[in-house]
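Input: a single structure, listed below in structure tokens.
One-based numbering along the sequence shown. Below, all heavy atoms of this structure are taken into account, side chains as well, without hydrogens, waters or symmetry copies.
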Amino acid sequence: MLASDVPPFVDKHALLFASHRHCGGEEQHSRQPEEAVRECELPVVDLAAGEEAETRAEIARAAAEWGFFQVVNHGIGRELLEAVRAEQAKLFGLPFEEKLRCELLKDSYRWGTPTATSLAEFSWSEAFHVPLAAVSDENVSADGEHASFRAVMERFAAAVTRLGRRLTGVLAESLGRTRRFFDENCTERTCFLRLNRYPPCPVSPEVFGLVPHTDSDFLTILYQDEVGGLQLMKDSRWVSVKPNPEALIINIGDLFQAWSNGVYKSVEHKVMVNAVKDRYSVAFFLCPSYDTMIESSEEPSIYRKFTFGQYRQQVQEDVKIIGHKVGLRRFLL
């Protein structure tokens, strides 16, 4: 029997999937949903003109009205993006047992949701969660067939870091604040990449590839493939994001919503599985150090002051106790 590259989702979580079937899940799939999820095209910002007033206004408006937007002419070439995708596919194509003990990115492999008590809390996905500092760590093995991995990821990490600083700088200055905050607090030691794979899911189209959530950072830059599956909440309804091969997706995180006193929106989003196709994405998360204080940009403040470390601890406690993230509601005044 050939070794599989797909994690044993069903075998390891048999009770969750058995409970789903016993509750009539299979019968529910044959019925049409009460409200079809419509496809949308996110706002597109062309960065070719640099930081002209109109471009800056488009970025700030999209961050406030959508919380999500796309950027084109972003300065990251197609050749590099294709190299990232090739390295990612090679990495995830390893047998599952080999990924578990992979020395390439020490202890960075994640799959499924070990704490899930229901399918509503379960993510049918696997990922390598990689601090930027580890990408260039010469002590991390990158020999043999993975010799090109570090070189490609170093180039990509540098490129998305530059783009992240550019965008956060525009958003900060649109609030009348300085972009220096991000230069000083969001560094290689605090930011990270997450390489995601969503294997085909034959069980049910209702299974999440990634459960509904908001990001806990300042800003996320997402490079996704053409398969689709990303959905976000807009006007109290889920909408499906149409893939754009020329664009990178940008979304606001919880910290930026708090730092902007609610001007910029951290929007709930999720990933739905595909029954027959792999879906790949790479996300760059712009995060500060744990002791960085998050303070609103104006008074009266919606949120009390907190450090990123306090925020992360609260999120982890909520997930452990109630099964999901509560987020910024915990820090409302």
Side-chain angles (χ1 to χ4, degrees), residues 47 59 63 67-69 71 74-76 80-81 83-84 87-88 91 104-110 127-140 142 149-173 177-196 210 213-224 248-260 264 266 269 281-295 306-313 315-316 325 327:
L47 299 180
I59 292 171
F68 269 78
F69 57 98
V71 292
H74 40 67
I76 304 177
L80 176 55
L81 294 176
V84 169
E87 293 294 336
Q88 187 178 16
L91 185 60
L104 181 64
L105 297 165
K106 296 177 180 177
D107 300 321
S108 66
Y109 182 62
R110 310 284 188 272
F128 285 89
H129 183 98
V130 189
L132 289 197
V135 173
S136 56
D137 185 354
E138 295 183 357
N139 294 318
V140 176
F149 179 88
R150 180 184 294 122
V152 170
M153 289 302 164
E154 280 185 331
R155 289 171 58 203
F156 181 71
V160 290
T161 298
R162 287 193 298 271
L163 179 58
R165 293 195 184 285
R166 180 179 177 184
L167 294 170
T168 52
V170 169
L171 290 168
E173 290 176 354
R177 303 184 74 174
T178 174
R179 62 176 63 199
R180 189 173 63 248
F181 175 89
F182 296 99
D183 294 336
E184 294 174 348
N185 293 290
C186 302
T187 70
E188 183 185 67
R189 297 187 303 275
T190 62
C191 300
F192 62 91
L193 296 176
R194 186 176 176 93
L195 285 66
N196 301 302
L210 194 60
H213 67 287
T214 57
D215 290 351
S216 296
D217 59 350
F218 274 109
L219 189 87
T220 304
I221 300 175
L222 181 72
Y223 168 46
Q224 64 167 356
L248 297 175
I249 292 176
I250 313 298
N251 70 274
I252 300 300
D254 297 342
L255 299 188
F256 225 146
Q257 178 169 317
W259 198 75
S260 70
Y264 303 140
S266 180
H269 53 285
S281 69
V282 184
F284 165 73
F285 297 92
L286 192 136
C287 300
S289 62
Y290 276 11
D291 60 357
T292 299
M293 185 64 67
I294 309 302
E295 300 183 61
F306 57 89
T307 66
F308 182 42
Q310 290 170 332
Y311 191 74
R312 289 278 297 169
Q313 182 178 5
V315 169
Q316 291 168 359
K325 171 184 173 180

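Between His129 and Phe192, the ring-plane angle classifies as tilted under the 30° and 60° cut-offs. Using the six-membered ring where Trp is involved, Phe308 and Tyr290 have ring planes that are perpendicular, over 60° apart on the 30 and 60° scheme.
In this structure, the separation between CG on Leu47 and CD1 on Ile59 is 5.5 Å, given to the nearest 0.5 Å. For the atom pair Asn185 CG and Arg180 CZ, the distance stands at 10.5 Å (nearest 0.5 Å). Note that SG of Cys287 and CZ of Phe182 are 11.5 Å apart. Values are rounded to the nearest 0.5 Å. To the nearest 0.5 Å, atom OG1 of residue Thr168 and atom CZ of residue Arg177 are 12.5 Å apart. Taking CG from Leu163 and NE2 from His74, the interatomic distance works out to 7.5 Å, rounded to the nearest 0.5 Å.
Pairs passing the salt bridge (charged side-chain N to carboxylate O under 4.0 Å, His left out) check and including a residue from residues 151-161, sequence neighbours excluded, read Glu79-Arg155.
Under the salt bridge (charged side-chain N to carboxylate O under 4.0 Å, His left out) criterion, Glu173 pairs with Arg56, Arg179, not counting sequence neighbours. In this structure, Asp217 has no salt bridge (charged side-chain N to carboxylate O under 4.0 Å, His left out) partners at least two apart in sequence or on a different chain. A search for salt bridge (charged side-chain N to carboxylate O under 4.0 Å, His left out) contacts involving Arg166 returns nothing, not counting sequence neighbours. Under the salt bridge (charged side-chain N to carboxylate O under 4.0 Å, His left out) criterion, Arg189 pairs with no residue, sequence neighbours left out. Under the rule for a ring pair (Phe, Tyr, Trp, His ring centres under 6.0 Å), the partners of Phe181 that lie at least two apart in sequence or sit in another chain are Phe218, Trp259.
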Q: Quick one: do Cys191 and Phe284 satisfy side chain to side chain contact (heavy atoms under 4.5 Å, CB included)? Show the steps, please.
A: CA-CA 8 Å; Cys191 300; Phe284 165 73; 3.8 Å; yes

Q: Please assess Phe156 against Leu81 for the test side chain to side chain contact (heavy atoms under 4.5 Å, CB included), listing each intermediate value before the final yes or no.
A: CA-CA 8 Å; Phe156 181 71; Leu81 294 176; 3.8 Å; yes

(Q) side chain to side chain contact (heavy atoms under 4.5 Å, CB included), that's the test. Do Met153 and Leu195 meet it? Break it down for me. (A) CA-CA 10 Å; Met153 289 302 164; Leu195 285 66; 3.8 Å; yes

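What you find for Ala127 and Asn196 is that their closest heavy atoms are CB-OD1, 3.6 Å. When all heavy atoms are compared, the tightest approach of Thr178 to Ala172 is O-CB, 3.9 Å. Taking each heavy atom of Arg165 and Thr187 in turn, the nearest pair found is NH2-CA, 4.0 Å. Listed here is the closest heavy atom pair of Ala283 and Thr220: CB-CG2, 4.1 Å.
Side-chain contact of Asp291 with Thr307: a donor-acceptor pair under 3.5 Å is absent, judged by distance alone.
Of the possible donor and acceptor atoms, none in the side chain of Ser281 sits under 3.5 Å from a partner among the backbone N and O of Gln224. Remark: the backbone N or O of Ala157 is paired with a side-chain donor or acceptor of Thr161 at under 3.5 angstrom. Between the side chain of Tyr264 and the backbone N or O of Leu171, at least one donor-acceptor pair lies under 3.5 Å. Checked by atom type and distance alone, the side chain of Lys325 pairs as donor or acceptor with a backbone atom of Thr214 at under 3.5 Å. Of the possible donor and acceptor atoms, none in the side chain of Gln257 sits under 3.5 Å from a partner among the backbone N and O of Ile252.
Put simply, the residue from Leu255, Asn251, Leu286 that forms a side chain to side chain contact (heavy atoms under 4.5 Å, CB included) with Asp215 is Asn251. Between Leu222 and the options Ile249, Ile250, Val160, a side chain to side chain contact (heavy atoms under 4.5 Å, CB included) holds for only Ile249.
By the 4.5 Å heavy-atom criterion applied to side chains, Phe128 and Leu91 are counted as neighbours.
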